[in-house]
Every structure is written in structure tokens, then in C-alpha cells.
Amino acid sequence: ARALATNPKLLLLDEPLGGMNPAEIDFSLQAIANARASGVTVLIVEHNMQILSLCDRVVVISFGQRICEGSPQEVRENEEVNPRTSVGNMALLEARSLTVHYGTSMAIEDVSLQVAQGDVVSIIGANGAGKSTLLRGLLGLKSLTSGEVCFEGERIDGTPTNQLVK
């Protein structure tokens, strides 16, 4: 809002949707759309794919390299951005009913997910929602209270992390 008060020609936004709930995201998307409609040019850095609804053109970078540029539809269909695999829906990584506690405090409860080979999966949530705890549980860096983790169909929960990364 402060940036718009100066009547800019160009608005640069760095992850404007980060940490927002769905209502805040909708409000922010509308505010960006309104800025555009008033003639403001907008450049956005964002990882939330909802931003694509506002874009004329998208540039995708990975590890410092541009891997794709085009319309939102072209980007969605690009093999480097969204690889398709012949493996189908076989889960490369699967978490089943994970629960993790820190002392008596429950950090995550009954969380399950599957990641197929070639997928890009994002775990999204507010600060303190349990995202990092889930990752630490998957890696064996935090002991599970209950549940199991499988990699390529074999259980790996309880396996020391240094053995997993070999």
C-alpha cells in the first residue's frame, strides 16, 4: 500500500503472498490486479503459483539458471518445470500417519503424503505449522512419535540420517 501511494510506474514485489492465509492471498491478488489496471507495471518474485493468474509472462529459474520463459500456460506445460515420468504414480517417498512431539507438545499429528518420482511437491503453511518438523521427521533428524516413512517402498524411519544420504 505504501509503495502504491507514490504512484509508481514500476512496482517490484518480493514474495508478496508469503505467509498469507487464503483470504489475504485473494485480497493481495486483487490489489496487484488493481495496480496493473491503473497502469502500473509489476515485476513479482514469488513461489506461490496462484500468482500466475495475473501474469502475462513468467520466467522460471532453478539453481541460478533460467529454465523456461513464456506465458503462464506455456510454463505449466514445460517439461523442465513440470516433468512427466514413465514411473507413473509410484511413490518414491511416502509418509504414513506421522506424528511428532517436542516434549509434551504435539508439532504434527497424523500427517500423510506421497511424492511420486519426478514430482515437485511443496509443503506450505504458516510459521509454526509444522513444515520443518515434517521434513526433519522424514529425514530422521527428529524421532517420530508414530507413523512410518518409506523410500522406494522400503521403510526408512529409524534409519540414521547419515545412512539415508549415501
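Computed from heavy atoms alone, side chains included, the values below leave out hydrogens, waters and symmetry copies.
In this structure, CG in Leu17 is found 4.0 Å from CD in Glu46, a value given to the nearest 0.5 Å. Distance check: Arg155 CZ to Arg96 CZ gives 8.0 Å after rounding to the nearest 0.5 Å. Leu139 CG to Asp157 CG: the interatomic distance, rounded to the nearest 0.5 Å, is 12.5 Å. In this structure, CE on Met49 lies 11.0 Å from CD1 on Ile51, to the nearest 0.5 angstrom. Taking CD of Glu77 as the reference point, atom OG of Ser71 lies at 7.5 Å (rounded to 0.5 Å). Atom NE2 of residue His47 and atom CD of residue Glu15 lie 5.0 Å apart, to the nearest 0.5 angstrom.
Looking at Thr133, Leu113, Leu138 one by one, the single match for side chain to side chain contact (heavy atoms under 4.5 Å, CB included) with Leu98 turns out to be Leu138.
Pairing each heavy atom of Pro72 with each of Cys55, the nearest pair is CG-O, 3.3 Å. The nearest pair of heavy atoms linking Ile32 to Pro16 is CD1-CG, 4.3 Å. Residues Met106 and Ile108 approach most closely at CG-O, 3.5 Å, considering heavy atoms. The heavy-atom pair separating His101 from Thr145 by the smallest distance is ND1-OG1, 2.9 Å.
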Test log, rule side-chain contact (heavy atoms from CB on, under 4.5 Å), inputs Phe151 and Glu94 | CA-CA 7 Å; Phe151 180 76; Glu94 184 173 10; over 6 Å; no

Starting from the C-alpha separation in whole Å, work towards a yes-or-no answer on side-chain contact (heavy atoms from CB on, under 4.5 Å) for Leu13 and Val45.
-> CA-CA 6 Å; Leu13 300 173; Val45 172; over 6 Å; no

Under the side-chain contact (heavy atoms from CB on, under 4.5 Å) rule, what do Arg76 and Leu52 come out as? Steps first, then yes or no, please.
-> CA-CA 9 Å; Arg76 284 187 191 100; Leu52 293 181; 3.5 Å; yes

Begin with the C-alpha distance, continue with both residues' side-chain angles, and end with the deciding distance and a verdict on side-chain contact (heavy atoms from CB on, under 4.5 Å) for Leu144 and Val149.
-> CA-CA 10 Å; Leu144 304 176; Val149 180; 4.1 Å; yes

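Between the side chains of Asn34 and Gln30, at least one donor-acceptor pair of N or O atoms lies under 3.5 Å. For Ser97 and Asp110, the side-chain atoms include at least one donor-acceptor pair closer than 3.5 Å.
Residue-environment remark: CD (Gln73) exceeds the threshold of 12 foreign heavy atoms within 6.0 Å.
Judged purely by atom type and a 3.5 angstrom limit, Glu24 uses its side chain to pair as donor or acceptor with the backbone of Asn21. Side-chain atoms of Thr41 do not come within 3.5 Å of backbone N or O of Leu10 as any donor-acceptor pair. With hydrogens and angles ignored, the 3.5 Å screen pairs no side-chain donor or acceptor of Ser28 with any backbone N or O of Ile25. Side-chain atoms of Glu69 do not come within 3.5 Å of backbone N or O of Arg57 as any donor-acceptor pair. Looking only at distances, a side-chain donor or acceptor of Arg36 sits under 3.5 Å from a matching main-chain atom of Leu54.
Side-chain atoms of Leu92 and Glu152, non-hydrogen and from C-beta on, do get closer than 4.5 Å to each other. In this structure, Met20 and Phe27 have side chains that are not in contact, with every pair of non-hydrogen atoms separated by 4.5 Å or more.
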